Colleague: 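I'd like to ask you about the structure that follows.
All values reported here derive from a predicted model rather than from experimental measurement. Whatever order the structure lists ligands and atoms in, that order sets their numbers, starting from 1. Hydrogens, waters and symmetry mates are skipped; everything else that's a heavy atom, side chains included, is used.
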Amino acid sequence: MVGSNNRIYLSPPHMSGYEQQFVAEAFASNWIAPLGPHVDAFERELAEHVGIAGAVAVSSGTAAIHLALRLLGVGPGDKIFCSSLTFVASANPILYQGAEPVFIDSEPESWNMSPSALERAFRAADNSGKLPKAVIVVNLYGQSADMAPLIAICDRYDVPVIEDAAESLGATYQGKASGALGKFGIYSFNGNKIITTSGGGMLVSNNLEALEKARFWATQARDPARHYQHCEVGHNYRLSNVLAGIGRGQLRLLGERVDRRRSVFRRYYSAFSNVDGIQFMPEALYGRSTRWLTALTIDPHRCGVSAVHIVDALAKENIEARPVWKPLHLQPLFKECDYYTHTIEESVSDRLFETGICLPSGSNMSEDELCRVIDCVRKCLAVG
Ligand SMILES: *Cc1c(COP(=O)(O)O)cnc(C)c1O
């Protein structure tokens with residue numbers, strides 16, 4: 001409704017209409033419990049979609065990262081390199097395994113992991129005689145990191161890459177699906193992601209044997225025996241058949257969702273790209289971003305107003321916006337951890353956090369809602 005003041009969310013769920021069919025099937029066959037035909041089909045369909053050998057559906061993206069770390073044998077005393085500019089869930093599973101994160105800065109070109117920072121971190125680790133057990137590369141706000149140089153560095157030290165593609169399902173890197181380039185990849189179907197099962201995740205790999213092991217751990221590590229027998233610690237991480245049905249319905253329209261998020265970005269871009277002091281998150285030439293969230297930086301000196309001021313002004317209009325992720329090396333939780341900056345002089349992720357803002361980017365945003373956001377931001381900029 002024009003002129004209404006309904007809340008505009010940052011990235012709300014957007015149902016396709018196919019979900020209820022799949023959920024009804026689950027009810028009709030009484031496959032309500034975890035596992036079941038929708039889980040198998042969702043795994044198959046997602047693996048096919050991203051062009052990888054196999055997938056394991058789990059209860060969250062966080063659980064998928066945890067399983068990937070376990071598959072790589074990560075344990076107490078190990079170091080794991082991880083992008084700093086990300087959501088805390090990228091690194092929490094490192095702590096679950098008793099290992100120690102080392103954070104890597106972003107590069108300005110893609111806002112993703114800086115190859116030069118990674119290189120310096122590796123050299124320092126090599127000199128100290130202790131290489132990391134794995135590198136978690138995060139694909140931020142729908143855009144793949146520059147995987148080729150990052151993987152080349154990791155290969156030189158023979159260290160495996162886990163791709164945290166929670167935010168980049170549907171994006172590409174050099175023609176390949178984002179999330180399918182590392183030894184393991186993970187996706188999230190949390191409520192705010194580009195497709196959602198209300199909560200859920202997926203672990204993907206070309207190593208089917210490893211995925212079988214992950215499936216075993218995720219199902220309480222139950223040994224094949226008549227009685228309940230367990231030799232290893234397990235988790236209750238599997239996705240329910242009902243939620244997998246929602247996922248199948250969501251996956252059908254992933255392409256449309258990507259196109260719509262990109263068109264939301266274009267609306268913001270044409271409204272603000274000429275404003276002195278505003279810079280949108282760049283789209284690197286090596287791939288196609290989903291623009292899961294439209295992110296931009298506001299230079300307070302040139303705009304006369306700061307990103308947090310705009311977040312607050314939007315909140316007053318019942319519009320949800322957020323600062324860019326607070327880098328993990330700045331989080332109290334990780335204050336003891338090492339951190340490698342893009343250049344010796346500059347931490348890029350600090351600057352992006354201080355000046356960055358994410359605008360509402362849902363694929364179901366209406367034209368009126370887009371106008372409300374744009375008007376409100378415009379007013380803030382004019383006042384400054
Ligand atoms: C959402 C997200 C996760 C966690 O996914 P959940 O399904 O919520 O556990 C991990 N990493 C990144 C970068 C995310 O944005």
Colleague: Can you tell which of Ser349, Cys82, Pro101, Cys337 makes a side-chain contact (heavy atoms from CB on, under 4.5 Å) with His329?
Modeller: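 Single side-chain contact (heavy atoms from CB on, under 4.5 Å) partner of His329 among Ser349, Cys82, Pro101, Cys337: Ser349.
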Colleague: In plain terms, say whether Arg372 and Glu369 are close enough for a salt bridge, that is, a side-chain N and a carboxylate O under 4.0 Å apart.
Modeller: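 No, Arg372 and Glu369 are not salt-bridged.
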Colleague: Show the atoms of ligand 1 that are less than 4.0 angstrom away from any heavy atom in Thr86.
Modeller: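 Checking each atom against Thr86, I get 13 (C).
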Colleague: I need the atoms of ligand 1 closer than 4.0 Å to a non-hydrogen atom of Ala89, numbered in the order shown.
Modeller: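 Near Ala89, meaning under 4.0 Å from one of its heavy atoms, ligand 1 has 3 (C), 4 (C), 10 (C).
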Colleague: Output yes when Glu354 and Lys326 qualify as a salt bridge under the 4.0 Å nitrogen-oxygen rule, no when they do not.
Modeller: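 Lys326 and Glu354: not salt-bridged.
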Colleague: Give the residue and atom name of whichever protein heavy atom lies nearest to atom 11 (N) of ligand 1, and the separation in Å to one decimal.
Modeller: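 It is Asp164 OD2, 2.8 Å.
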Colleague: Nearest protein heavy-atom contact for atom 1 (C) of ligand 1: which residue, which atom, what distance?
Modeller: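 Of the protein heavy atoms, Lys193 NZ, 1.6 Å lies nearest.
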Colleague: Would you say Gly61 and ligand 1 have an N/O pair spaced under 3.5 Å apart?
Modeller: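 Yes, since at least one N or O of Gly61 sits under 3.5 Å from an N or O of ligand 1.
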Colleague: Just which atoms of ligand 1 are under 4.0 Å from any heavy atom in Ala166?
Modeller: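 Close to Ala166: 2 (C), 3 (C), 10 (C), 11 (N), 12 (C), 14 (C).
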Colleague: Would you check whether Ser90 reaches within less than 4.0 Å of ligand 1, judged by its heavy atoms?
Modeller: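 True for this residue.
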Colleague: Does the structure place the NZ or CZ of Arg267 under 6.0 Å from the centre of the six-membered ring of Tyr269, at an angle of no more than 45° from the ring's axis?
Modeller: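 No, Arg267 does not sit over the ring of Tyr269.
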Colleague: Tell me the protein heavy atom at minimum distance from atom 9 (O) of ligand 1, and give that distance in Å.
Modeller: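 So the nearest neighbour among protein heavy atoms is Thr62 OG1, 2.4 Å.
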Colleague: Closest non-hydrogen protein atom to atom 15 (O) of ligand 1, residue and atom name please, with distance?
Modeller: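 The answer is Glu167 OE2, 2.6 Å.
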Colleague: Could you list which atoms of ligand 1 come closer than 4.0 Å to a heavy atom of Gly200?
Modeller: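 Answer, ordered by atom number: 7 (O).
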Colleague: Centroid separation under 6.0 Å, is that true for the rings of Phe22 and Phe42?
Modeller: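 Phe42 vs Phe22: aromatic centres not under 6.0 Å.
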Colleague: How about Phe280 and Phe265: are their ring centroids closer than 6.0 Å?
Modeller: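 For Phe280 and Phe265, the ring centres are under 6.0 Å apart.
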Colleague: I need the nearest protein heavy-atom contact for atom 5 (O) of ligand 1: residue, atom name and distance, please.
Modeller: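 Protein heavy atom with the smallest distance to atom 5 (O) of ligand 1: Ser188 OG, 3.2 Å.
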Colleague: Taking the six-membered ring for Trp and the single ring otherwise, decide whether the centroids of Phe103 and Phe334 are under 6.0 Å apart.
Modeller: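 Yes.
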Colleague: Taking the basic N atoms (NZ, or NE/NH1/NH2) and the acidic carboxylate oxygens, is any pair closer than 4.0 Å for Arg288 and Asp259?
Modeller: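 Yes, Arg288 and Asp259 are salt-bridged.
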